[in-house]
Amino acid sequence: MLLLLFSALIYGVESNIIDAKICFPEEFMFGVATASYQIEGAWNVSGKGESIWDRYTHEHPDRVFDHKNGDVADGSYYKYKDDVALMKQLGVGFYRFSMSWPRILPTGLSNEINEDGIRYYTELIEELRANRIIPMVTMYHWDLPQTLQDLGGWTNPVMADYFLDYAKVLLDNFADKVPIWITFNEPLSFCHDGYGGEDAPGGRASGFEDYMCGHNVLRAHGMVYDLYDREYRHRVKGGMGITLDIAWMEGITSSTEDQIAAETARQFMFGWFANPIFSKTGDYPAVMRKRIDANSKKQGFPRSRLPTFTREEVKMIRGSFDFMGVNHYTTYLVEPGDGKVQPHPSYYNDGNVKLYQLVDWPKTNSTWLRVVPWGFRKALNWIKTTYNDPLMLVTENGVSFEPGLKDVKRVQFIDSYLRSLHAAITIDKCRVKAYTYWSLLDNFEWMRGFSERFGLTEVDYDSPDLTRTPRQSFNYYKYVATTGCLPNNYADFTYNSV
Ligand code: GBH
């Protein structure tokens, strides 16, 4: 007995020496993220215009898993001070949130500014600054004004001009108070899922409208960066980038075919938007150009379904960043598809790869999301080598589990992904300067409604005041955000511990 106790003590001491504490660099920042439609509610209050998500969820409640919508959501339009108080308690250095285009410009156009929209975001930013939390603003997180969708939305080239007008309103009002700007959140998601799939506006013209959307979004991004560069940068302190989603694509075997398929998948999913902005050459990835041109021809189209940039556009878009925003959640295994060109075009047929996830990768509450921490490190390294070592901010990483305050699985998820990130930074020298957990709060999870919970904070949607209660993971993340280190034993972070 004594001997056992003694050896346990030795083991404890030894393991403390061996497991040196994992700490992030001094200047590394921790934050949390949300997005306007997912949390604000107040969908038709004080002059706000209708967005495509308002229209879509109202017209097609059946398409949303729980038939719900963001009309009320977390009520953050009213409760933003509670949200900031939570962040203060959490000890994060910054808050990534998005501005609602139709709340600021109800018709989408800048000749009519909704003063209440400006007031709301001004007060939110002031509340953050009063609590020493840096605002990081996403200009567009998917809630396009419906009026602009009536013109074709992102498939219409004119949208780039209207986005530029909108961006100018934001910069005129907030550039001196907001140091970090993100033009778009995940163009792959809102172009492909929105115009080629099931998300709002529900275009479902994959292989066609999604490419048009991507093209106009890239042009819009380049134009807004150029505006920032010319008219704001010299008088404000800050920078601008774009946020792209990278699911890590790993060859299913080390065979050449599988490795090529994995690289093709990376180019179609990430390179589509990253290559025009972050590569030395600019423009679309060669493999996309080649495949979509060839498939279009075989399908009898007189021109490629993938639009072409002018030489000036390639130049304008190339290098239009101060940092790369990276969203990362999960990993897939890749092998080549059947190689057949279908008569009916689609983005998936153009890419022609098969994606898998292993059954022994831990499940979450989202079918697409399995827990694969090592993919994070690989993804960051691939970005580092492919795009010449850009400065990166992780703008989202998170996980959904069933409701409940004792979310030890979420603690495990964050801890394992942070270890992977730490290795990428300290061992591989990836230049990552920030990590953002998605999300501060449970929120409206798009087509999954409120059925998928990503929050460090639980929201009780049955209570009249939408009560917010910190989960165990909130306490864990508080330790990380305030110390910059991972706890040696995260089991210490029980629900009652803070
Ligand atoms: C992020 O996207 C979003 O930026 C954020 O708004 C969202 O709340 C968060 O993820 C959590 O989901 O259902 O099989 O069709 C992450 C990338 C791309 C992941 C679309 C889910 C749909 C898969 N997302 N994808 S499926």
Side-chain angles (χ1 to χ4, degrees), residues 31-40 51-53 57 63-66 68 70 73-74 76 96-100 136-144 182-200 202 204 206 210 213-214 217 242-249 265 268-270 272-273 325-332 346-348 355-357 363-372 375-376 379 393-401 410 413-414 417 436-457 459:
V32 283
T34 62
S36 48
Y37 184 71
Q38 296 181 271
I39 64 158
E40 284 178 7
S51 81
I52 56 174
W53 278 93
T57 56
R63 292 199 193 161
V64 179
F65 181 75
D66 57 5
K68 303 245 167 86
D74 293 353
S76 289
R96 175 176 179 238
F97 62 98
S98 80
M99 291 186 175
S100 159
M136 177 192 286
V137 172
T138 310
M139 293 177 159
Y140 186 82
H141 200 124
W142 310 355
D143 42 358
L144 186 73
I182 293 162
T183 53
F184 291 100
N185 179 68
E186 297 186 358
L188 172 70
S189 297
F190 73 84
C191 286
H192 177 257
D193 299 346
Y195 290 86
E198 297 286 327
D199 284 21
R204 305 193 196 191
S206 178
D210 38 14
C213 170
V217 165
I242 186 169
T243 280
L244 306 179
D245 177 38
I246 188 160
W248 177 242
M249 299 288 156
F268 266 80
M269 305 191 78
F270 193 78
W272 177 5
F273 296 95
V326 176
N327 290 357
H328 175 78
Y329 289 86
T330 197
T331 287
Y332 295 89
S346 80
Y347 165 75
Y348 288 120
L355 305 184
Y356 303 90
Q357 289 189 309
K363 276 186 177 179
T364 67
N365 220 22
S366 305
T367 50
W368 55 274
L369 206 179
R370 283 182 185 257
V371 184
V372 196
F376 197 7
L393 307 179
V394 174
T395 42
E396 285 180 31
N397 171 246
V399 67
S400 72
F401 286 114
R410 181 174 284 101
F413 177 96
I414 305 174
Y417 274 66
T436 316
Y437 181 78
W438 178 276
S439 172
L440 170 67
L441 304 163
D442 289 341
N443 58 58
F444 181 77
E445 181 51 33
W446 310 112
M447 302 311 277
R448 307 299 299 173
F450 297 101
S451 71
E452 293 183 12
R453 310 290 192 109
F454 280 82
L456 296 175
T457 310
V459 177

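In each ligand, atom 1 is the first atom listed, and ligand 1 is the first ligand listed. The figures here come from the full heavy-atom set of this structure, side chains too, leaving out hydrogens, waters and symmetry mates. Throughout, numbering of the chain's residues begins at 1 and tracks the sequence.
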Colleague: Looking at residues at least two apart in the chain, or sitting in another chain, which of them share a salt bridge (charged side-chain N to carboxylate O under 4.0 Å, His left out) with Glu186?
Modeller: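 Salt bridge (charged side-chain N to carboxylate O under 4.0 Å, His left out) check on Glu186 returns nothing, list empty.
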
Colleague: Any side-chain heavy-atom pair from His328 and Tyr417 closer than 4.5 angstrom?
Modeller: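 Side-chain contact under 4.5 Å: yes.
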
Colleague: Ring-plane angle category for Tyr329 and Phe454, please: parallel below 30°, perpendicular beyond 60°, tilted otherwise.
Modeller: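 Perpendicular: the ring planes of Tyr329 and Phe454 meet at over 60°.
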
Colleague: Got an N/O contact under 3.5 Å between His141 and ligand 1?
Modeller: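 By distance alone, the answer is yes.
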
Colleague: Evaluate the ring planes of Trp53 and Phe444, with Trp represented by its six-membered ring, and classify them as parallel (under 30°), tilted (30 to 60°) or perpendicular (over 60°).
Modeller: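 The arrangement is perpendicular - the two ring planes meet at more than 60°.
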
Colleague: Check whether any heavy atom of Met447 sits under 4.0 Å from an atom of ligand 1.
Modeller: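 Judged by the 4.0 Å heavy-atom criterion, Met447 does not count as contacting ligand 1.
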
Colleague: Any nitrogen or oxygen of Asn185 lying under 3.5 Å from a nitrogen or oxygen in ligand 1? Just yes or no.
Modeller: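 N/O-N/O distance below 3.5 Å exists for this pair.
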
Colleague: Between Tyr356 and Tyr332 (judged by ring centroids, cut-off 6.0 Å), do the two rings come close enough to count as a pair?
Modeller: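 No, they do not, as the ring centres are separated by 6.0 Å or more.
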
Colleague: Students should be able to answer this: which protein heavy-atom is nearest to atom 26 (S) of ligand 1, and at what distance?
Modeller: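 Among all protein heavy atoms, the one nearest atom 26 (S) of ligand 1 is Trp368 CD1, 4.3 Å.
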
Colleague: Under the ring-ring contact (aromatic ring centres under 6.0 Å, His included) test, which residues partner Tyr140, sequence neighbours left out?
Modeller: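 Partners of Tyr140 under the ring-ring contact (aromatic ring centres under 6.0 Å, His included) test: Trp154, Phe184, Phe190.
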
Colleague: Is any N or O atom of Trp142, backbone or side chain, closer than 3.5 Å to an N or O atom of ligand 1?
Modeller: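 Not met; the criterion fails.
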
Colleague: So which heavy atom in the protein is nearest atom 9 (C) of ligand 1, and how far is it from that ligand atom?
Modeller: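 For atom 9 (C) of ligand 1, the nearest protein heavy atom comes out as Tyr329 OH, 3.4 Å.
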
Colleague: Could you find the nearest protein heavy atom to atom 8 (O) of ligand 1 and give me its residue, atom name and distance?
Modeller: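 Looking only at protein heavy atoms, the one closest to atom 8 (O) of ligand 1 is Glu445 OE1, 2.7 Å.
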
Colleague: Please could you name the atoms of ligand 1 that Asp245 approaches to less than 4.0 Å, counting only its heavy atoms?
Modeller: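 Taking each heavy atom of Asp245 in turn, ligand 1 has 17 (C) under 4.0 Å.
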
Colleague: How does Asp193 reach ligand 1, if at all, at less than 4.0 Å between non-hydrogen atoms: by side chain, backbone, both, or neither?
Modeller: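 Under 4.0 Å from ligand 1, Asp193 contributes side-chain atoms alone.
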
Colleague: Non-hydrogen atoms of Ser189 versus ligand 1: any pair closer than 4.0 Å?
Modeller: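 Judged by the 4.0 Å heavy-atom criterion, Ser189 does count as contacting ligand 1.
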
Colleague: Output yes when the distance from some N or O of ligand 1 to some N or O of Asn443 is under 3.5 Å, and no in every other case.
Modeller: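 It does not: no N or O of Asn443 is found under 3.5 Å from an N or O of ligand 1.
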
Colleague: Of all the non-hydrogen atoms in the protein, which one sits nearest to atom 3 (C) of ligand 1, and at what distance?
Modeller: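 Checking every protein heavy atom, the shortest distance to atom 3 (C) of ligand 1 gives Glu396 OE1, 3.4 Å.
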
Colleague: Do Ser366 and Glu445 have side-chain atoms, one donor and one acceptor, less than 3.5 Å apart?
Modeller: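 Absent: no donor and acceptor within the cut-off.
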
Colleague: Would you name the heavy atoms of Phe401 and Arg410 that are closest together and state the gap between them?
Modeller: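 Of all heavy-atom pairs spanning Phe401 and Arg410, the closest is N-NH2, 3.4 Å.
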
Colleague: Please say whether Glu186 places an N or O atom under 3.5 Å from an N or O atom belonging to ligand 1.
Modeller: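 Yes, there is a polar N/O contact under 3.5 Å.
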
Colleague: Ser36 vs Asp143, test: side chain to side chain donor-acceptor pair (under 3.5 Å). Steps then yes/no.
Modeller: CA-CA 8 Å; Ser36 48; Asp143 42 358; 2.6 Å; yes

